[in-house]
Amino acid sequence: MSTIRLFYALWPPPQMAASLAGWADAAKQVTGGRAMRTETLHLTLAFLGPVDSALADELAAATPERRLAPGDVPLDRYGVFTRQRILWAGPAETPAGLQQAHDDLWHWLSGYGLTPPTQPFRPHVTLLRNIAHAEPPGDAPAPLEWHYDRMVLVASESLTGGSRYRIVAQSRPQG
Ligand code: 2AM
């Protein structure tokens, strides 16, 4: 049985992605590393890992029937994951609505036999990989307020030199 690597994410509108690319450029002066391509920037809500292609099809079919309660996430700080050598942008505190969206999503996914993570949810947008210097810049650019009203289901395909992301479904927007 073939598998496919899946995750649910918030995908920024182009203007937000462009602002985040500016954050990446500013941080890169300090930390080095490789910037993510602007059109691939996202905030992961749930990483499913490899799932059977039959289940992937089921999730792709069910996702447009799901609604995500709209909310806002402030992106107001840089952070690093030292072990993964990642520099990211994220909220200083996880908004309650975003935490709820994460928890609800995993509750639903557990009905498909998927196991929720044991690690706490750390919402972030990865901006740079392979950073050389693990101290993030102390000052972030002006905070961004990201309004979201849907999530996307993304297939991640490994290629030499990185991953290619393919949006396979999105939740039903409000209204
Ligand atoms: P990252 O940017 O912090 O690496 C596609 O790989 C997305 O899923 C990325 O946002 C990535 O987060 C996230 N991801 C990859 N592996 C993961 C894991 N084991 N646990 C949680 N998220 C993961």
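Both ligands and their constituent atoms are indexed starting at 1 by order of listing.
With rounding to the nearest 0.5 angstrom, the OG1 atom of Thr3 is 7.0 Å from the CG atom of Asp52. The distance from the CG atom of Leu128 to the CG atom of Leu87 is 5.0 Å, given to the nearest 0.5 Å. One distance of note links CG of Asp103 with CZ of Phe121; it measures 8.5 Å at 0.5 Å rounding.
Ligand 1 has no nitrogen or oxygen under 3.5 angstrom from a nitrogen or oxygen of Ser156.
Near Ile86, with a cut-off below 4.0 Å to any heavy atom, the atoms of ligand 1 are 3 (O), 4 (O). Listed by atom number, the atoms of ligand 1 under 4.0 Å from Arg5 heavy atoms are 6 (O). In the vicinity of His42, heavy-atom distances shorter than 4.0 Å reach the ligand 1 atoms 7 (C), 9 (C), 10 (O). Within the listing of ligand 1, atoms 7 (C), 8 (O), 9 (C), 10 (O), 13 (C) sit less than 4.0 angstrom from a heavy atom of Thr44.
No side-chain heavy atom of His102 sits under 4.5 Å from any side-chain heavy atom of Asp104.
Here the heavy atom of the protein found nearest to atom 5 (C) of ligand 1 is Phe7 CE2, 3.4 Å. With respect to atom 21 (C) of ligand 1, the closest heavy atom belonging to the protein is Phe47 CB, 3.6 Å. The protein atom (non-hydrogen) at minimum distance from atom 1 (P) of ligand 1 is Thr126 OG1, 3.4 Å. Nearest protein neighbour of atom 3 (O) of ligand 1, counting heavy atoms only, is His124 NE2, 2.6 Å.
When ring centroids are compared, Tyr78 and Trp23 come within the 6.0 Å threshold.
Annotation for Ile4 and Ala56: closest pair CG2-CB, 3.2 Å, computed over non-hydrogen atoms.
Side-chain contact of Thr63 with Tyr8: a donor-acceptor pair under 3.5 Å is present, judged by distance alone.
Residue-ligand proximity: Gln84 is placed with every non-hydrogen atom at 4.0 Å or more from ligand 1. Distances shorter than 4.0 angstrom do not occur between any heavy atom of Gln119 and any atom of ligand 1.
Other residues, nucleotides and ligands contribute only 12 or fewer heavy atoms inside 6.0 Å of the CD atom of Gln15.
Heavy atoms of Arg129 found under 4.0 angstrom from ligand 1 belong exclusively to the side chain. In Tyr165, the part holding a heavy atom less than 4.0 Å from any atom of ligand 1 is the side chain.
At a threshold of 4.0 Å, the pair Arg5-Glu157 does not count as salt-bridged, since none of the basic side-chain nitrogens sits closer than that to a carboxylate oxygen.
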